[in-house]
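Following: one structure in structure tokens, then a few remarks.
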Number of protein chains: 2
Amino acid sequence: MSSVPVDIDIPDNYVAHTLQNSKALPPIKFSNLLNEINWLSFTILIGTPIMGVVGAMNTPLRWETMLWSIVYYYFTGLGITAGYHRLWAHRSYNASKPLQYFLAFAGAGAVEGSIKWWSRGHRAHHRYTDTDLDPYNAHRGFFYSHIGWMLVKPRRRPGVADVSDLSKNPAVKWQHRFYLPLIILAAFVVPSVVAHYGWGDARGGFVYAGVLRLCFVHHSTFCVNSLAHWLGESPFDDKHTPRDHLITALVTVGEGYHNFHHQFPMDYRNAIKWYQYDPTKWFIKSMQMVGLASHLKVFPENEIRKGQLTMELKRLREDQEKIVWPASTNDLPVISYDSFSAVQAQAAKRPLVLIAGFIHDVSTFMEEHPGGAHLIKRFIAKDATTAFFGGIYDHSNAAHNLLAMKRVGVLLGGAPHILDIAKQVPPSQRLKIAR
Amino acid sequence: MSSVPVDIDIPDNYVAHTLQNSKALPPIKFSNLLNEINWLSFTILIGTPIMGVVGAMNTPLRWETMLWSIVYYYFTGLGITAGYHRLWAHRSYNASKPLQYFLAFAGAGAVEGSIKWWSRGHRAHHRYTDTDLDPYNAHRGFFYSHIGWMLVKPRRRPGVADVSDLSKNPAVKWQHRFYLPLIILAAFVVPSVVAHYGWGDARGGFVYAGVLRLCFVHHSTFCVNSLAHWLGESPFDDKHTPRDHLITALVTVGEGYHNFHHQFPMDYRNAIKWYQYDPTKWFIKSMQMVGLASHLKVFPENEIRKGQLTMELKRLREDQEKIVWPASTNDLPVISYDSFSAVQAQAAKRPLVLIAGFIHDVSTFMEEHPGGAHLIKRFIAKDATTAFFGGIYDHSNAAHNLLAMKRVGVLLGGAPHILDIAKQVPPSQRLKIAR
Ligand code: HEM
Ligand code: HEM
Ligand SMILES: [Fe+2]
Ligand SMILES: [Fe+2]
Ligand SMILES: [Fe+2]
Ligand SMILES: [Fe+2]
């Protein structure tokens, strides 16, 4: 195991170069399917549910065993989420020796490969998200990213990702070395033995807390690669597929706030709000409280808010663009006071009212005016600025916005006093999302 | 009854002038309280609940009477909300003759004064919201705007508000003329008679569907002046006190979207979403479907969206101002390439990395870098632009935002190629709320 980072010398154009020049296996077709199957993973992933179902049909379920299976599901689930994922793949906190061995053992019980193999793939997943250098590229579909990528031989070598830090880690080395005995012990022996000595149900322990529980843990953690890249919202960034959703969180022991996680992968949290479901975070925090974990990393709040703000502005900007805005001063004809007065004669035909230097055509609106037509009529061909802005009625911001829509001209020299400039800008245009 | 609008000739500075010059009664104190009480309203408003409670304690409640009271609560409630309020005070739709008489009768059963008196006050309320010309000025407190304003003599004449349109209306005139017999009939006789002939419970009808129901209708509609100016959000505008809240809507037969209503008072809706609780709107819409109502007014969607957008931008602008942004180009020292290279010698002390024309101090970050310190070390005193922007790793928008926070200088002549200009602007600063 080398301790020099594998990516220390890669060229500046590594990604583009590799995508173009590294060889990919041919796409899976019906004809080559059999040749392309990865038999080891295939057997484990197909065998587990079959064994589980057959076993369950022949083994009565006792409530103690039921409870124990749920407990053991969380135990091995946390091995992956708090151990493999947040501790080793992302180094989001430091774990004491006992906690590390505990997590390495629990994670072995999930039978998803050694810490080193898993973290290498996962770091490539983050580093090359949604590209062909990502081993579980979500752009290749739900099924592929969930399980397909393990059932067949990898189509391409994942992009380079350094795990030299893990190569030096004793707990990781220990797990790597004794991986086979450890999975047999953690996945099958322990659940059976506990059920045997606890309430005399070794067989139930094996079938339910061993095999069926393993099947659940598998698909639960696989959902992080499929469901979490497919269902939900993107409150922090929408450049890539990762999404946030409560359902994903419930299914994955708290890994469902995946949009956040891909933006801030070295944050020990996935959920940042206390009421969101992230038991993995709660576990890590508790370990800190009992002194078994330390240096829990959190990304600066300031930067997290930036991402949220950008996404909210993006959404509002779409609204802003859909709205019809009033004609701007530059697009309106400039009309002299004389020619404006001249309209007085034909006022009935086209009633014009002067407010804040703009000339407004109120013909379509006068009869609908909530204050009554008579109040507007009075100001035809006159200046209603004072009356409109509180002299007679302090119109709502909505009224001012609407008024601006009725502009048909600008009065020559009619610019209001500098203190009144706000009257020219309808309230809806005082704040604006600009690039 | 005059048909010339009372406000046709008021001066341009009516509001300020009146607030300054119209006389107000002295504030209510313990010493003058007895003199200032409005005995008619006082008796009705205090008498109703007392009679109701005493009656209820001596009258068994039958389920038919219970149901009938609820039905009659909605019946008289709609008289106020769909009749007094949305039809007559705001002219938000046209009602056929039969519907008008129906509403005038139902509204009489709520015993809140005649249509004309009520609308005159309500129009002043909208026209002078939150000022002393508003008869139920919410700035004078919850109790005052709920009921206090009726218990004592008005402190000041409400501001002028035109109701000449109502003076011409036959149904309004009819109700005004027969107001006393109508309230006795609608508030007490009808509820008792129906209960008597329906299931032989005249007494229960009087107590529950008559008196107690009246008390509920009173406080239900009063809540529009108190609760609706106090509880909830301001999604359309926050210049004045009106607010939107589901609870207020539930309590007031749908008048709880009061922030919307004060912005768009001539809209026949108070709730604009189908799932919001506005039975008054549903009633008016049904009347249109059976041909009894027409010309239902709605404010242009475009203008409604403007109000919402402004309020959302206001909220986000506060966030934007709380966030710490990176130093802008103008605030940074310009450093020549020679002096930048010179730092190479003392790189260990202050590691600087050049990206997109900016010089970044990565000393605090290097060891925390999720990609490993080695990748950054490689680029100390070098240009990492390509590597950072996808050559080696296509950093997240969050990483780019964070990078900008580490700026300490600008490289002289280091401005990137015009096509690369986006690399100088972190993603969080591409959209911005400006004034
Ligand atoms: C021509 C431009 C005008 C427009 C677009 C306009 C628009 C509106 C709108 C939308 C309302 C509803 C309440 C609100 O949103 O604040 C309103 C109410 C009112 N307007 Fe105007 N208005 C105009 C001119 C005037 C003028 C010149 C006067 C006075 C001389 C006036 C007096 C009133 C009054 C008294 C009300 C209150 C009605 C009530 O709440 O009962 N308006 N106006
Ligand atoms: C000095 C400025 C740098 C900053 C502020 C920075 C920041 C970050 C951040 C926040 C991440 C977490 C993932 C993400 O948000 O995208 C990250 C990951 C990474 N960075 Fe940087 N980085 C810098 C320089 C570099 C350079 C120069 C390289 C390459 C030579 C590099 C290579 C990587 C790699 C490979 C990852 C992926 C780690 C993983 O997901 O396993 N970074 N960087
Ligand atoms: Fe992911
Ligand atoms: Fe991850
Ligand atoms: Fe109000
Ligand atoms: Fe109203």
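Everything quoted here is computed from the prediction, not taken from an experiment. Numbered from 1 within each chain, the chains take letters A, B, ... in sequence-line order.
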Pick one of side chain, backbone, both or neither for A:Arg317, based on which atoms fall under 4.5 Å of a heavy atom in chain B.
side chain

Let's test your reading of the structure: which of A:Lys377, A:Arg305, A:Arg378 forms the most heavy-atom pairs below 4.5 Å with chain B?
A:Arg378

Sequence neighbours left out, what passes side chain to side chain donor-acceptor pair (under 3.5 Å) with A:Ser294? Give chain and number order.
none

Taking side chain as everything from C-beta outward and backbone as N, CA, C, O, which of these in B:Asp12 sits under 4.5 Å from a heavy atom of chain A? Side chain, backbone, both or neither.
both

Measure distances from B:Ile323 to the heavy atoms of chain A and classify the residue's part below 4.5 Å as side chain, backbone, both or neither.
both

May I ask you to name which of B:Thr310, B:Asn401, B:Asn302 has the most heavy-atom pairs under 4.5 Å with chain A?
B:Asn302

Do A:Tyr128 and A:Val160 have side-chain heavy atoms sitting under 4.5 Å apart?
yes

Best-contacting candidate, B:Asp162, B:Thr129, B:Asp237, B:Asn397, against chain A by heavy atom pairs under 4.5 angstrom
B:Asn397

Contacting region of A:Pro11 [heavy-atom separation from chain B under 4.5 Å]
backbone

Does any non-hydrogen side-chain atom of B:Val15 lie less than 4.5 Å from one of A:Tyr393?
no

So what's closer than 4.5 Å to chain A heavy atoms on B:Met311: side chain, backbone, both or neither?
neither

Top of B:Lys297, B:Met266, B:Glu303 for chain A proximity - count of heavy-atom pairs under 4.5 angstrom:
B:Glu303

Exercise: identify the closest heavy-atom pair between B:Tyr93 and B:Leu87:
O-CD1, 3.1 Å

Checking B:Lys432 against chain A: side chain, backbone, both or neither under 4.5 Å from a heavy atom?
both

Quick one: what part of A:Pro265 sits under 4.5 Å from any heavy atom of chain B, side chain, backbone, both or neither?
neither

Just jot down the side chain to side chain donor-acceptor pair (under 3.5 Å) partners of A:Arg430, sequence neighbours excluded, or say none.
none

So A:His262 and A:His229, side chain to side chain contact (heavy atoms under 4.5 Å, CB included) or not? Walk me through it.
CA-CA 10 Å; A:His262 267 263; A:His229 282 258; 3.4 Å; yes

Under 4.5 Å from any heavy atom of chain A, what part of B:Arg91 do you find: side chain, backbone, both or neither?
side chain

So, do A:Phe389 and A:His400 have ring centers that fall under 6.0 Å from each other?
yes

Identify which part of B:Asp9 has an atom lying under 4.5 Å from any heavy atom of chain A, answering side chain, backbone, both or neither.
backbone

Separation between CD1 of B:Ile304 and CZ of B:Arg269, rounded to the nearest 0.5 Å:
5.0 Å

Segment of A:Asp7 engaging chain B (4.5 angstrom heavy-atom cut-off)
both

Nearest 0.5 angstrom please: A:Gln320 CD to A:Leu313 CG, how far?
9.5 Å

Quick one: what part of A:Lys239 sits under 4.5 Å from any heavy atom of chain B, side chain, backbone, both or neither?
side chain

At a heavy-atom distance under 4.5 Å, which candidate from B:Gly390, B:Pro370, B:Gly159 has the highest pair count against chain A?
B:Pro370

So which of A:Thr385, A:Val425, A:Asp394, A:Val324 has the biggest tally of heavy-atom pairs under 4.5 Å with chain B?
A:Val324

Check the angle between the aromatic planes of B:Phe388 and B:His395 and answer parallel, tilted or perpendicular using the 30° and 60° thresholds.
parallel

Given A:His90 and A:Asp267, is the side chain to side chain donor-acceptor pair (under 3.5 Å) satisfied, shown in steps?
CA-CA 8 Å; A:His90 292 303; A:Asp267 198 307; over 6 Å; no

Please rank B:Thr131, B:Ile10, B:Asn13 by heavy-atom pairs under 4.5 Å with chain A and give me the top one.
B:Ile10

Residue B:Lys314 versus chain A: region with a heavy atom under 4.5 Å:
both

B:Pro426 portion near chain A, given a 4.5 angstrom heavy-atom threshold
neither

One option among B:Ile392, B:Thr386, B:Ile433 has the most heavy-atom pairs under 4.5 Å with chain A, and it is B:Ile392

Answer with side chain, backbone, both or neither: which region of A:Phe299 has an atom nearer than 4.5 Å to a non-hydrogen atom of chain B?
side chain

Got a salt bridge between B:Glu233 and B:Arg315, using NZ or NE/NH1/NH2 to carboxylate O under 4.0 Å?
no

Centroid-centroid under 6.0 Å between B:His126 and B:His261 rings
yes

Quick check on the 6.0 Å ring-centre criterion: do A:His240 and A:His139 meet it?
no

Heavy-atom distance under 4.5 Å to chain A: side chain of B:Phe379, backbone, both or neither?
side chain

Which atoms of B:Leu309 come close to chain A, meaning under 4.5 Å heavy atom to heavy atom: side chain ones, backbone ones, both, or neither?
side chain

